[in-house]
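Inspection log for the structure reproduced underneath, given as structure tokens.
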Amino acid sequence: MPDWKKIVREKLGTLPLTHGRREEVIEELAEQLESAYEEALAQGINEQEALQRSIAQFKDWEKLRREVFQSVEGTHLPVWEQNGAFAPRRWPVWIALALALSLLLVPAFRQALAILLVPGNDTTAWCSRIFPEKVLRRIEQSGDKEKYARALAFVALHSPKEDDERAMHAAEKAIALDPNLTWISAKVSHPTYLYPDYDPHPWIERLKAWDPQNGFPYLLEADANVHYWEPPWTKYAASAAILRQSLAAERRWRIPMEKVFAAPRMDFYQLHRDAYTRLLPLLRRGARADEAAAVESALAVLPRFDYSVGGPAHSSLKAAAKRSAQVILISAVFVAVLGLLTALWLVLVIVLRWKRNANSLSHLLNRLASPLCFAPPALLLVSVALFLGYYPYARSIAQINSYQELEYGYVPVLMGLDDLTSFVPLTDFWVAHMFWPSLWCAAVALAGACLLWWVRRLTRPDRPDAA
Amino acid sequence: MAIMPDRELKKGNAELLILALLEEKTRHGYEIGKLIAARSEGVLRFHVASLYPLLYRLERRGWVKGEWEPAGGRRRRYYRLTPTGRRILAEQRSRWRAFSGAVNRIVEVRHA
């Protein structure tokens, strides 16, 4: 006759009830096995098969263990007593956590995280206060001292609008040192629309002289001449058609606009701005000063971007980059949420490790920690998703050789992030842009869920049907 | 053949079935599982892995009380209804009769 109590004790493992109650449960379950065994023998079944049939009544001993504890105590099995695939006493959850954290050692992954935090989310960045006053002052002093035009341009581009005098002053100095930086006149002139005492026209004229083939300076001029967002023009705001007709009748607006449309090309200096608002701060935040310098020097010698070379191939590259940005941002949201949940799980399991007295607080903490055991493996999955989304754009920025490469690769990724963070109507945005990224993320989530299920199943040796 | 899935059984009426079986006399877990299958002529089956946690839950709530008693040369844990359990059984039975009666009145009706 098998030793039924021994079998139950081995299968059930530790059951953290009081000693007397634990022995009672073991004895009762052993009685169940023995009764089933005897019944099978009475039916003429041989001992070996009867034994197997009897034990097979309890297919999942871990689940039985959990449920017995919960039924007897009225609370979840302590998290450090659980034997599930991702319980803290088992290795998979710690491996998952270690792998998720080890991704931080990969520069590309860190870059993917940093890109979401880099200042200057506003791509226009005309008015945003993204750098503290003392930082800008230090950069300006350094630029003055070393006669470094790009540092001064940086100050001009990042000074808050309340300090536009500093921006204009820095711009003057930067352009004087390096006339190739005259494009910053566009930015310096733009916020001055808001100040009645300031005349943006000298900046615009300077820009027109520097870049005569470009229509953008004339667009700035039209806006500077007629503030159609202010009275008396606001009375036409209800109808775009009437506003256009009224503006067309205004000579000071119509003549520069005609020049806009007659210009051979239109360059909003977007790439120049991006290099200063996103790329360089990103590199400097990552303490990649050498790469930042390399990018600056590369930008300085590169030919101006020619929009006419764009075609279907480039468009598809841009679309791919934008989709990647959307995947990155979706993944990043999950990374943030699951990162917080993982941190919470970690705190809870540490507290519960050292605070095992069964009071109501530890019951509550245990109740929270039990379902959170899926957070570390889920964090690993979404971190991988984030990494894969960004990886195609993760090469060293110093390797970017042309404005075209910036335009069709890295910049659309950045712009895609901006698209997502700005509030636009769902019909214009989610349906058009988010369908495939969402599908991709759902596929990753599904693959991850299958993986988790497989690991969970694999680590249940007591299941007869387990691998 | 079991026509009612175990999960639904557990969720819905498992407590009622056990309390009803213990109304007549004290019983041990193995007997309860067998009786459910036998009296329902095999329609209802109870996984023993669910039966024992349920018995412990009922015991914790004070609806049943388990006591060890000698039986056939060994000892078994027999469960009996407590006064609270009897009251709960009466309530659940009343609800079940109202529910099953209502369903029957709809399902069994014959249209002319």
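Note on naming: letters A, B, ... go to the chains in the order of the sequence lines (proteins, then strands), and numbering restarts at 1 for each one. Atoms considered below: every heavy atom in the structure, side chains included; atoms not considered: hydrogens, waters and symmetry mates. None of these values were measured; they are calculated from a predicted model.
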Locate the shortest heavy-atom distance separating B:Ala49 from A:Glu67; write the atom from each residue and the value.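 Heavy atoms of B:Ala49 and A:Glu67 come nearest at O-OE1, 3.9 Å.
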Minimum heavy-atom distance B:Arg74-A:Ser35, with the two atoms named: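 In this case the closest contact between B:Arg74 and A:Ser35 is NH2-OG, 3.4 Å.
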Roughly how far apart are B:Arg75 CZ and A:Glu28 CD, rounded to 0.5 Å?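 The CD atom of A:Glu28 is 10.5 Å from CZ of B:Arg75, to the nearest 0.5 Å.
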Do other residues, nucleotides or ligands put more than 12 heavy atoms under 6.0 Å from the CD atom of A:Glu47?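 Count not over threshold, so no.
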Contacts of A:Tyr37 that satisfy ring-ring contact (aromatic ring centres under 6.0 Å, His included) - sequence neighbours left out: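 Residues passing ring-ring contact (aromatic ring centres under 6.0 Å, His included) with A:Tyr37: A:Trp4.
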Verdict with reasoning, A:Glu31 to B:Tyr30, per side-chain hydrogen bond (donor to acceptor under 3.5 Å, both in side chains): CA-CA 8 Å; A:Glu31 283 295 331; B:Tyr30 187 76; over 6 Å; no
All side-chain hydrogen bond (donor to acceptor under 3.5 Å, both in side chains) counterparts of B:Arg80, not counting sequence neighbours: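 With neighbours one apart ignored, the set is empty.
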Under 3.5 Å donor-acceptor pairs involving side-chain atoms of residues 57-68 of chain B, not counting sequence neighbours:
residue, atom, partner, partner atom, Å
B:Arg57, NH1, A:Ser71, OG, 3.4
B:Glu59, OE1, A:Arg21, NH2, 3.3
B:Glu59, OE1, B:Arg77, NH2, 3.1
B:Glu59, OE2, B:Gly66, N, 3.1
B:Glu59, OE2, B:Arg77, NH2, 2.6
B:Arg60, NE, A:Ser71, O, 2.5
B:Arg61, NH1, B:Glu15, OE2, 2.7
B:Trp68, NE1, A:Glu24, OE2, 3.1

Just give me the residue among B:Val48, B:Leu55, B:Leu51 that pairs up with chain A most often, heavy atom to heavy atom, under 4.5 Å.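 So the answer, after comparing B:Val48, B:Leu55, B:Leu51, is B:Val48.
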A:Glu27, part contacting chain B, at a heavy-atom distance under 4.5 Å: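 Looking at A:Glu27, backbone and side chain both touch chain B.
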Can you list the residues of residues 38-45 of chain A that sit under 4.5 Å from chain B, counting heavy atoms only?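 Within residues 38-45 of chain A, the residues under 4.5 Å from chain B are A:Glu38, A:Glu39.
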Assess the side chains of B:Tyr56 and A:Glu73: does a donor N or O sit below 3.5 Å from an acceptor N or O?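 Result is no, nothing qualifies.
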